[in-house]
Amino acid sequence: DHDHSGQDMMLEMASMCEMKSFEKTNGVFLLDLQCVGRFQLTEIVRDYPFTTTRSNIMVEHFGSNQTLNNLIADNIEALITKITTMEERLLSRKKKLSKEYHPTQQSSSLHKSYEDCYETAINYDITPYEYDLPTKKQRSIPELVAMSWAVFSCMKEEADLDMNRYRLRAFGWDKLDQRLILGQYMLREKVLKVQGHLMKLQDDDDDDENEQKDKSIDSSSSSSSRDVLLEEEDAF
């Protein structure tokens, strides 16, 4: 990676992967990797001809208050549903205001993207979790962990937010509740951004309506003036 000055940077955290298979095609090796955890860089031992480091494996901490984690998870799902509805309304207004508005491609809703990311996260997680079975109304630890990653993955292409900052912070935290709270905060910021876009479009719509009314009044005034002139000519 590079900082703003163009200098090389090294991330303090990275994924720890297991190579499942590989193949060589046209001189290029294609690797099939599966993430099995994360590690944190503690010391650079050597940086030439290749980098050697000392690192610590990051251990996930789930906390003891799973009731609170489930409440935060409920908020996350509610916010995703709200944003999806707001973005559909935003798209509808854009189409109404501009006849020339044609999206280059049919984008998937945030809700659908989140569901896809969640299924990927929970299906490919091979961590041997130890936890008590949840009640019917609560999510299990693997489900909460999958949610805490999916919420950042489904918005990785988000233009309104600084997703690199959010994703790197989430990647560097080893506490489940911290990631869930950060995801909730990120979604609340997204709600404010979409609300701002909706308000701007509403203002533009109001301006167009006022402009149409002004044109109608000007046209009516011109017509009345011509009628008066015709009546004066008839009088002579």
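Along the sequence shown, the residues carry numbers beginning at 1.
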Find out whether His197 and Asp160 are in side-chain contact, i.e. whether some heavy atom of one side chain is under 4.5 Å from a heavy atom of the other. yes
What's the verdict on side chain to side chain contact (heavy atoms under 4.5 Å, CB included) for Val45 and Thr53, showing C-alpha distance, side-chain angles and the deciding distance? CA-CA 5 Å; Val45 179; Thr53 68; 5.6 Å; no
Linking I/L/V/M/F/W/Y whenever their side-chain heavy atoms sit closer than 4.5 Å, directly or via other members, would Phe29 and Met19 fall into one cluster? yes
Sidechain-backbone polar pair: Ser109 side chain, Lys112 backbone, donor-acceptor under 3.5 Å: yes
List the residues meeting side chain to side chain donor-acceptor pair (under 3.5 Å) with Gln195, not counting sequence neighbours, and say none if there are none. none
Which heavy atom in Ala73 sits nearest to a heavy atom in Leu144, and how many Å separate them? CB-CD2, 3.8 Å
Enter the distance from Leu198:CG to Lys94:NZ here, rounded to the nearest 0.5 Å. 9.5 Å
Taking atom CG of Leu90 and atom NZ of Lys200, what is their separation to the nearest 0.5 Å? 11.0 Å
CG/Leu161 to CG/Leu192 distance, rounded to the nearest 0.5 angstrom? 10.0 Å
If only atom types and distance count, is the side chain of Ser148 paired as donor or acceptor with the main-chain N or O of Arg179 below 3.5 Å? no
Student check: side-chain heavy atoms of Asp74 and Ile76 closer than 4.5 Å: no
Step by step, would you call Cys154 with Asp116 a side chain to side chain contact (heavy atoms under 4.5 Å, CB included)? CA-CA 8 Å; Cys154 71; Asp116 291 343; over 6 Å; no
What one should report as the nearest heavy-atom pair of Asn75 and Gln184 is ND2-OE1, 2.8 Å
Where is the tightest heavy-atom contact between Arg54 and Thr42, given as atom of each residue plus distance? O-OG1, 2.6 Å
Should Val151 and Leu71 be regarded as members of a common hydrophobic cluster, given that ILVMFWY residues are connected when their side-chain heavy atoms come within less than 4.5 Å of each other, either directly or indirectly? no
Exactly one candidate in Lys190, Arg165, Lys193 meets salt bridge (charged side-chain N to carboxylate O under 4.0 Å, His left out) with Glu158; the answer is Lys190
Thr67 side chain to Gln138 side chain, donor-acceptor N/O pair below 3.5 angstrom: yes
If you look at every heavy atom in Tyr114 and Glu77, which pair is closest and at what distance? OH-OE2, 4.2 Å
Nearest heavy-atom neighbours spanning Phe22 and Leu31: CB-CD2, 3.4 Å
Between the CE atom in Met163 and the CG atom in Leu168, the distance rounded to the nearest 0.5 Å is 10.0 Å
Short side-chain to backbone donor-acceptor contact, Asn123 and Glu119, under 3.5 Å: yes
Kindly write out the residues that satisfy side chain to side chain donor-acceptor pair (under 3.5 Å) with Glu189, not counting sequence neighbours, or none if the list is empty. Tyr166
Distance (rounded to the nearest 0.5 Å) between Thr52 OG1 and Glu43 CD: 11.0 Å
Rounded to the nearest 0.5 Å, the CG atom of Leu180 sits from the NZ atom of Lys175 at a distance of 13.5 Å
Show your working on side chain to side chain donor-acceptor pair (under 3.5 Å) between Arg169 and Gln178 and close with a plain yes or no. CA-CA 10 Å; Arg169 183 173 296 181; Gln178 286 182 329; over 6 Å; no
When you measure from the side chain of Glu143 to the backbone of Ser140, do you find a donor-acceptor pair of N or O atoms at a distance under 3.5 Å? yes
Measure across Asn70 and Arg139 and return the closest heavy-atom pair with its distance rounded to 0.1 Å. OD1-N, 2.6 Å
Please check: side-chain N/O of Ser153 versus main-chain N/O of Ala150, any donor-acceptor pairing under 3.5 Å? no
Is there side-chain contact between Leu182 and Phe152, with at least one heavy-atom pair below 4.5 Å? yes
Quick one: are Arg188 and Val191 in side-chain contact, heavy atoms under 4.5 Å? no
Just so I know, are the side chains of Asp177 and Leu68 near enough to count as touching, which here means a heavy-atom distance under 4.5 Å? no
Would you call Glu87 and Arg89 a salt bridge, taking side-chain N to carboxylate O under 4.0 Å as the test? no
